[in-house]
Each structure stands twice: as C-alpha cells, then as structure tokens.
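Below is one structure, written out as structure tokens; comments come after it.
Note that the numbering runs from 1 along the sequence shown for the chain. None of the values given here were measured: they were computed from a predicted structure. One-based numbering, in listed order, for ligands and for the atoms of each. We use all heavy atoms of the structure for the numbers below, so side chains are in, but hydrogens, waters and symmetry mates are not.
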Amino acid sequence: MVEVENITFGYAAGGFRLRVPHLSLADGERLAIVGPSGSGKTTLLNLIAGILTPETGRITVAGTEVSALPDAGRRRFRASRIGFVFQDFALLDYLTARQNILYPYRITPALKLDAAARARADALARACGIGDKLDRHPAALSQGEQQRVAICRALVTQPRLVLSDEATGNLDPESKARILDLLFAQAAEAGASVLAVTHDHELLPRFQRVLDFATYREPVS
Ligand code: ADP
Ligand code: MG
C-alpha cells in the first residue's frame, strides 16, 4: 500500500533534515510509528500524503508514485485515496458535524456527493456513536466527539490509506482505546491500511507492527 524508498527532505527554513531509507506498509496493515517529539513523524505523514514533497527518493501509495505527481494531481490523489486524521482534528467551526464529515466532497470536484456518500456519512457517525449529534457544530461537541467527527471525515471517501497523527492524544485512556478500535473497525471494513503516529504506548499491542522513528532520523546538522 505504501512504499517509501530513500527519501530525503528538509524545510526551507533549514535546520531539520529527514532521511528515511525504506518503509513499507502492506494492504490492510496497521502500523504504529512512535518516536520523540520533533523526530519528524508528522513530516513523514505529510510526505506520504503528498502535502510535502521529498527532495530525493520515491513515495508510492496504492501503486501511484505520489512524489512524482504535480501539485494538482497530488491534491486529487490525496482527496480520493487518503484519509488524514489530524492531531488537532482541523474541523471547521461554521459547519455542522455532518457538513464537516462531508467536507472532502465540497473541495474535490472529482468526488461526487451523492446519496451513497450521504448515507455513508450517517452510517459512519452512527457506528462512531455520534449519530444523534450530526447537526451540531464542533463548539457544541466534546473533544472525544470532535475526534470521532474527524475520523468519520477521514473515512467517508473510502480511502485506501488512513494516516492518523496522534489522533487520540488528548483523551482519557479508555476513550483512546475505544476510538482507535473504531478507526480500525471502520478501516478494516473498507479494506484500508492504517499508519498511525501515537504517543500512547498502551495502544501499541493493537497494531500489527511498531516502528520506532528515532532510528530513521538523520541527526540535525
Ligand atoms: P514530530 O511530529 O515527530 O514531533 P515534526 O515532523 O513535526 O516532528 O517536526 C520535525 C522537525 O521539523 C522539528 O524540528 C520541527 O521544528 C521542524 N519543522 C516542522 N515543521 C516545520 C516547518 N514548516 N518549517 C520548518 N521546520 C519545521
Ligand atoms: Mg507531530
């Protein structure tokens, strides 16, 4: 599902450099990435999602070389194939929960907002326990509920790959496990692979493989 080969990346501001010799993720696999703060975990997710592009090397997702696509192509590819659960949820306050979940359809002409997509949004929300809160705005939802909205939004387009950046970060231990299980269940149903950055070591047994990111990092020069 994901092949990362020999990539290097540095921000324009300088300082931090990331080098990943090799990383692969199988179809349907659940991989956790752990590692110290500032080691480049978010940077790697952004590279795989095509939000950033590597200076050298290749990144392939579901058979498409994302790192070789032009900007517009990468955006289209991301919208149709990748679900991203951001650390801070990134929900839009002026939209209801349902509108937030369906947001990918607003911004991506290639995605058609039809009855099936609407039904999927509602079914996902019910499965995540927020079926009765779809008309509320994020401000009227708890952190855990906002997190579920973000997960539903990442899954509604039936992506092949779900990237999750410390999505369970600020929840109590019981909610963390429940939310992650929900994410896994929904991803499994859609046949998606999951790559999740997490600080929650108690959640690691739920993954098939754990990668300690510290070993992939080139020292800051
Ligand atoms: P992690 O997610 O593992 O905490 P990040 O990938 O967010 O680490 O950041 C890795 C390093 O890159 C940090 O030193 C951070 O300060 C730096 N960094 C992150 N984003 C930018 C940016 N937009 N411009 C310059 N440096 C950045
Ligand atoms: Mg991060």
**Study point:** N/O separation below 3.5 Å, G38 to ligand 1
**Key:** yes
Point to revise | S39 heavy atom under 4.0 Å from ligand 1 | key: yes
Practice item. Mind checking whether A12 contacts ligand 1 via backbone (N, CA, C, O), side chain (CB onward), both or neither, at a 4.0 Å heavy-atom cut-off? Key: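 It is neither part, as no heavy atom is under 4.0 Å.
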Review point. Taking the six-membered ring of F184, is the NZ or CZ of R30 close enough (under 6.0 Å from the centre) and on axis enough (within 45°)?
Key: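 Output yes; distance and angle both within limits.
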Atom indices of ligand 1 within 4.0 angstrom of [X] heavy atoms, with elements:
X: G40; value: 1 (P), 3 (O), 5 (P), 6 (O), 8 (O), 10 (C)
X: T43; value: 5 (P), 6 (O), 9 (O), 10 (C)
X: P36; value: 3 (O)

Exercise for review: Flag yes if more than 12 heavy atoms outside R118 fall under 6.0 Å of its CZ atom; otherwise flag no.
Suggested key: no
Practice item. Tell me, yes or no, whether the heavy-atom count around R178 atom CZ, taken from other residues, nucleotides or ligands under 6.0 Å, exceeds 12. Key: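 Atom CZ in R178 is packed in, count exceeds 12.
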Revision key, fill the gap. Heavy-atom proximity to atom 12 (O) of ligand 1 ranks first, among F9, F16, F213, for F16
Exercise for review: Assess S37: does it contribute an N, O or S atom lying under 2.8 Å from the Mg ion (ligand 2)?
Suggested key: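 Of the N, O and S atoms in S37, none lies under 2.8 Å from the Mg ion (ligand 2), which means no.
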Exercise for review: Assess the pair Y105 and Y103: is the distance between their ring centroids shorter than 6.0 Å?
Suggested key: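 Ring-ring flag for Y105/Y103: false, centres at least 6.0 Å apart.
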**Study point:** V2, L211, V210 screened by side-chain contact (heavy atoms from CB on, under 4.5 Å) with L31, the one that passes
**Key:** L211
Check your understanding: Between L95 and H137, what is the shortest heavy-atom contact and its length?
Key -> O-ND1, 3.3 Å
